[in-house]
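Working notes for the structure below.
Residue numbers begin at 1 in each chain, while the letters A, B, ... track the order of the sequences. The structure displayed is predicted, hence computed values, not measured ones.
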There are 2 protein chains.
Amino acid sequence: MAGINIKQLAEALNLSTSTISRAFRNNSGIKQVTKDLILAKAKELNYQPNHYASSLRDQKSKTIAIIVPELANNYFSQAIHGIEKVAKGHGYNILIYATEDDFEKEVDVITHLHNGRAEGIIISVSGEAVNHNYLHEFGAKRLPMVQFDRVYEDIDTPKIITDDYESSFKATEHLIDKGCKRIAFLVVQNDLSIGKVRERGYVDALKKHGIAVDESLVINCSNSYEENDPIIKHALQNLHIDGIFASVERLAFATYYACYDLNINIPLDLKIISFSSLEIAPLLNPSLTTVTQPAVEIGSLAAKLLFDILNGKGEQKEAKNKVVLASKIIYRTSTN
Amino acid sequence: MAGINIKQLAEALNLSTSTISRAFRNNSGIKQVTKDLILAKAKELNYQPNHYASSLRDQKSKTIAIIVPELANNYFSQAIHGIEKVAKGHGYNILIYATEDDFEKEVDVITHLHNGRAEGIIISVSGEAVNHNYLHEFGAKRLPMVQFDRVYEDIDTPKIITDDYESSFKATEHLIDKGCKRIAFLVVQNDLSIGKVRERGYVDALKKHGIAVDESLVINCSNSYEENDPIIKHALQNLHIDGIFASVERLAFATYYACYDLNINIPLDLKIISFSSLEIAPLLNPSLTTVTQPAVEIGSLAAKLLFDILNGKGEQKEAKNKVVLASKIIYRTSTN
DNA sequence: TTGTATGCGTTATCAT
DNA sequence: ATGATAACGCATACAA
């Protein structure tokens, strides 16, 4: 541990520890001169109130936790960036955890956080979970939480999501408008709410336009390129697909690679649209038509809602228990 | 704060707090039966040792901090991912901070961390700094630190960097091999060590091949696309450039956009090579030749070195005070 | 305005 | 094997 403690600083100044403490807390009850003196000496001796002692005493940690499935991911990086900005503004620190889509890790982390380490949690859930009642076991002591993007619908916390149904509907419709007849939907199996909702948008758009829904065109993928590559190639070669709607960025990339390998021309032979936060989508070959979620904004909004709760403003949760932000479809060459 | 405390659990079991504590620490000095009993009850009542009390008592926080210039960045996301994996393995938590290239924020964060919050720091420095002697002011109490990528050469900590000089030399040479005569070097001003070293590699390669070094071809950019766009366009239109070596990914992207706008054909009119951690570089139009640093590995190695220090294994720092990892040049169409 | 004393929850030391 | 107690560093209630 670093630095000197309050007692040593008090001695150095011939003051009591309470006076020192006051210099760092209340502006009340302390003479400005004394305060200046203390702060000056503190700086000189490199004193800082010990965070753990303060937290223990105050029962608060000035820390929030972010839990996401993965870190090396455009969408989550941007969301974290948004959260970080807001947290910094509130003088809060951020603990970060990656679950790697592993439900057990998620449970571990959340449980662990209930030891006082964090005051609140911002989470995008692992998605593998079937039963997440463990959250209820914390009872009234459960940490304030805000969910975003991948959420547990039945867990009552504020949620920030995007208009995935509408976006997916429009995305699919866009492909139909462009003449696609056999549109595949690429999804990662364990995506809970997200995957389901996006699939509904896809299905409903097909129905609206009188296109028969073919179950085999809903293609389950994983997060591993090695696993996805053969799956996608098989689909491209055997299912007479002329359009692809990827529910997740990495599946669009895998499709691009597959098309390169198979000499399939995008957009002539196959049109692609994908959910994606990639900022350089215009630089792809061909440029990728995307459904782009406002990732940074989602992050900062999630943080704001969490701080509303922490500051007691959020008791009337009902009002904004679920915030739906709009994604933007950006039309580019891959669907031209 | 959540949960019950050790005292309540002790009462519930008619045991002393010391016994409870033992159940969670030493396996020594406690009967297995008692221990099982305690752990069971703890689970039932949702007890967890309070992290702040433990930390205060033990003077250690099981936490390390990561400080990076930005979060929404491929390279840093991957590095953080690498760090996270290792930290998790050691049972450590991660605090994360973005300096946004602001030296003051860096000083603030580092100073703040010396209040006991973290046991060590992994940092890629802001780069704006001229004088970073503030690090010396912490004296012997300075937190263990490991630097990576952007480092302060004069601060004595382990450093993980890549072979930037050699890579830059080779990158430039590659452009020369491909017939480029007027090669520009794009750099972000405030990149300290990084930018300088990469520039040296560029200059030396030119010299070796008897190409006159033209100062005006070293082009200072910023991190803002809006600022860079006109700078790059001006260069492309007026400096008769036929090759570009971008020291940072985003400058290559800006160049791509500029070329699209100006109808400059890559690689016919202009060849581009860039430092980049972009995994989908092959999907760009045209696919981008990159100098790719092993970002994830850099992160995990940095974490390992930090834990070596924390565990006292790292006292013989000299040995591996500076680790240089190799980057890989991957040849693609942009320099074909 | 400043000082004294107590407790936040835990764990290590020293008993028993 | 278990229990009593002191101490980690700080901030507040209360006293002066």
Side chain to side chain donor-acceptor pair (under 3.5 Å) partners for A:K31, two or more places apart = none

query = Quick one: B:K62 NZ to C:dT10 C1', roughly how many Å, whole number?
reply = 16 Å

message = Under the rule for side chain to side chain donor-acceptor pair (under 3.5 Å), what residues qualify as partners of A:S124, not counting sequence neighbours?
response = none

task = Scan residues 33-43 of chain B against DNA chain D and write down, sorted by residue number, each residue with any heavy atom closer than 4.0 Å; if none is found, say none.
result = B:T34

Could you go through nucleotides 9-13 of chain D and list every protein N or O atom that sits under 3.5 Å from one of its N or O atoms, giving the distance for each pair?
unit_1, atom_1, unit_2, atom_2, d
D:dG9, OP1, B:Q59, NE2, 3.1
D:dG9, N2, A:A53, O, 3.4
D:dC10, OP1, A:Y47, OH, 2.7
D:dC10, OP1, A:N50, N, 2.9
D:dC10, OP2, A:I6, N, 2.3
D:dC10, O3', A:S54, OG, 3.1
D:dA11, OP1, A:R25, NE, 2.4
D:dA11, OP1, A:R25, NH1, 3.4
D:dA11, OP1, A:R25, NH2, 2.4
D:dA11, OP1, A:S54, OG, 3.3
D:dA11, OP2, A:S21, OG, 3.0
D:dA11, O5', A:S21, OG, 3.4
D:dA11, N3, A:R57, NH1, 2.3
D:dT12, O4', A:R57, NH2, 3.1

message = Run the side chain to side chain donor-acceptor pair (under 3.5 Å) test against A:Q78 and tell me which residues pass, sequence neighbours left out.
response = none

Can you give me every donor-acceptor pair (side chain of residues 36-49 of chain B, partner residue at least two apart or in another chain, under 3.5 Å) with its distance?
unit_1, atom_1, unit_2, atom_2, d
B:D36, OD1, B:Q32, NE2, 2.9
B:N46, ND2, A:E137, O, 3.0
B:Q48, NE2, A:T111, O, 2.4

Can you give each donor-acceptor pair under 3.5 Å made by side-chain atoms of residues 296-303 of chain B, sequence neighbours left out, with the distance rounded to 0.1 Å?
unit_1, atom_1, unit_2, atom_2, d
B:S300, OG, B:V296, O, 3.1
B:S300, OG, B:E297, O, 3.3

request  = Please name all residues satisfying side-chain contact (heavy atoms from CB on, under 4.5 Å) with B:A118, sequence neighbours left out, ordered by chain then number.
outcome  = B:A65, B:L113

task = Could you tell me whether A:E84 and A:K88 have a side-chain N and a carboxylate O separated by less than 4.0 Å?
result = yes

query = Between A:K31 (NZ) and C:dG3 (C1'), how many Å, whole number?
reply = 14 Å

ask   = Who passes side chain to side chain donor-acceptor pair (under 3.5 Å) against B:T63, sequence neighbours left out?
value = A:R117

